[in-house]
Amino acid sequence: MLESQRRKIARHDAILSTLAKLDYANRSQLQRLHDLRSDRNARKVLDGMREFISSFRSDSGENVYHLNKSGRERVNSAIVRNKLSTCGHYLMRNDAYIYYGAPADWKNEARIKADGEGTSHIIVDSYFMYEMRRHFLEVDHKQHMSKNKEKIERYKRLKATGVFQEKLRYFPRLVWITLTEARRKQLAEWCDGLDVTIHLWDEIR
DNA sequence: CAGGCGCCCTCACCTAGATG
DNA sequence: CATCTAGGTGAGGGCGCCTG
């Protein structure tokens with residue numbers, strides 16, 4: 001097999017693995033993660049993968065890609081993704097993934113056990129290591145603020161159990177990604193007492 | 001010579017502002 | 001109100017250049 005062909009297939013497989021990991025990703029995210037060069041070139045590369053990936057136009061205007069049947073078979077992924085008009089949550093999370101350097105151990109929808117004490121567990125949007133520290137990511141995509149407050153209370157209860165501090169000697173940093181300055185302020189207030197970083201989506205994409 | 005890439009182009013779609 | 005218009009943005013076709 002020609003070297004150029006081999007490289008092409010390797011790049012395709014890398015992109016398919018990313019989509020298996022992230023479920024959905026838009027053109028510019030795949031472009032940044034896989035060095036697809038210019039916008040035009042990125043579109044051409046992704047267009048050349050139509051056998052394995054499907055796309056739709058998101059409300060932000062960009063194409064969003066996901067694995068189709070043969071793409072799933074190619075990377076042994078069982079999760080079926082379809083056109084999803086409400087994929088903003090995924091796209092925000094992806095930009096956090098890229099911002100934090102695409103950590104190898106990044107895990108979405110991670111189940112965090114909170115042994116006893118009322119809270120059985122928390123499903124965190126992402127759990128990852130960054131600069132030798134564990135991080136929880138929460139994405140606030142037009143979510144009801146009451147839900148966010150409830151989430152924060154659960155983190156506080158989790159911290160109060162001391163389980164993490166015992167294992168790690170510290171409680172992981174909570175990272176939020178939200179949409180407006182007003183929401184950032186409110187979240188920061190509620191997170192008082194936690195190690196927290198709050199990004200606006202526009203600041204990290 | 002095939003594949004990767006950039007540039008130029010057109011088309012579709014959306015939005016803001018003007019106009020009836 | 002509805003509708004028209006101009007400008008902005010992304011998708012994708014075409015072409016030509018470069019490189020292994």
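Throughout, a chain's letter reflects where its sequence line sits, starting with A, and its residues are numbered from 1.
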Just the rounded figure in Å: distance from [atom2] of [N] to [atom1] of [X].
X	N	atom1	atom2	result
A:Phe56	B:dC13	CZ	C1'	17 Å
A:Met49	C:dA11	CE	P	16 Å
A:Arg6	B:dG3	CZ	P	15 Å
A:Glu3	B:dA2	CD	C1'	14 Å
A:Asn26	C:dA11	CG	C1'	14 Å

Residues that A:Arg40 engages under salt bridge (Lys or Arg N to Asp or Glu O under 4.0 Å), provided they are two or more places apart: none

Mapping A:Gly61 and A:Arg50 to their closest nucleotides on DNA chain C, which lands nearer the 5' end?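 Nearer the 5' end of the strand: A:Gly61.
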
Residues in ring pair (Phe, Tyr, Trp, His ring centres under 6.0 Å) with A:Phe128, at least two apart? A:Tyr100, A:Trp106, A:His135

With a 4.0 Å cut-off on N to O distance, would you call [X] and [Y] a salt bridge?
X	Y	answer
A:Arg184	A:Glu181	yes
A:Arg11	A:Asp35	no
A:Lys69	A:Glu73	yes

Counting only heavy atoms and a strict 4.0 angstrom limit, can you tell me which residues of residues 27-48 of chain A come near DNA chain B? A:Arg37, A:Ser38, A:Arg40, A:Asn41, A:Lys44

From the list A:Lys151, A:His89, A:Arg183, side-chain hydrogen bond (donor to acceptor under 3.5 Å, both in side chains) partner of A:Asp140 resolves to A:Arg183

So, does A:Asn63 get its side chain near the phosphate of C:dG12, meaning an N or O under 4.0 Å from OP1 or OP2? yes

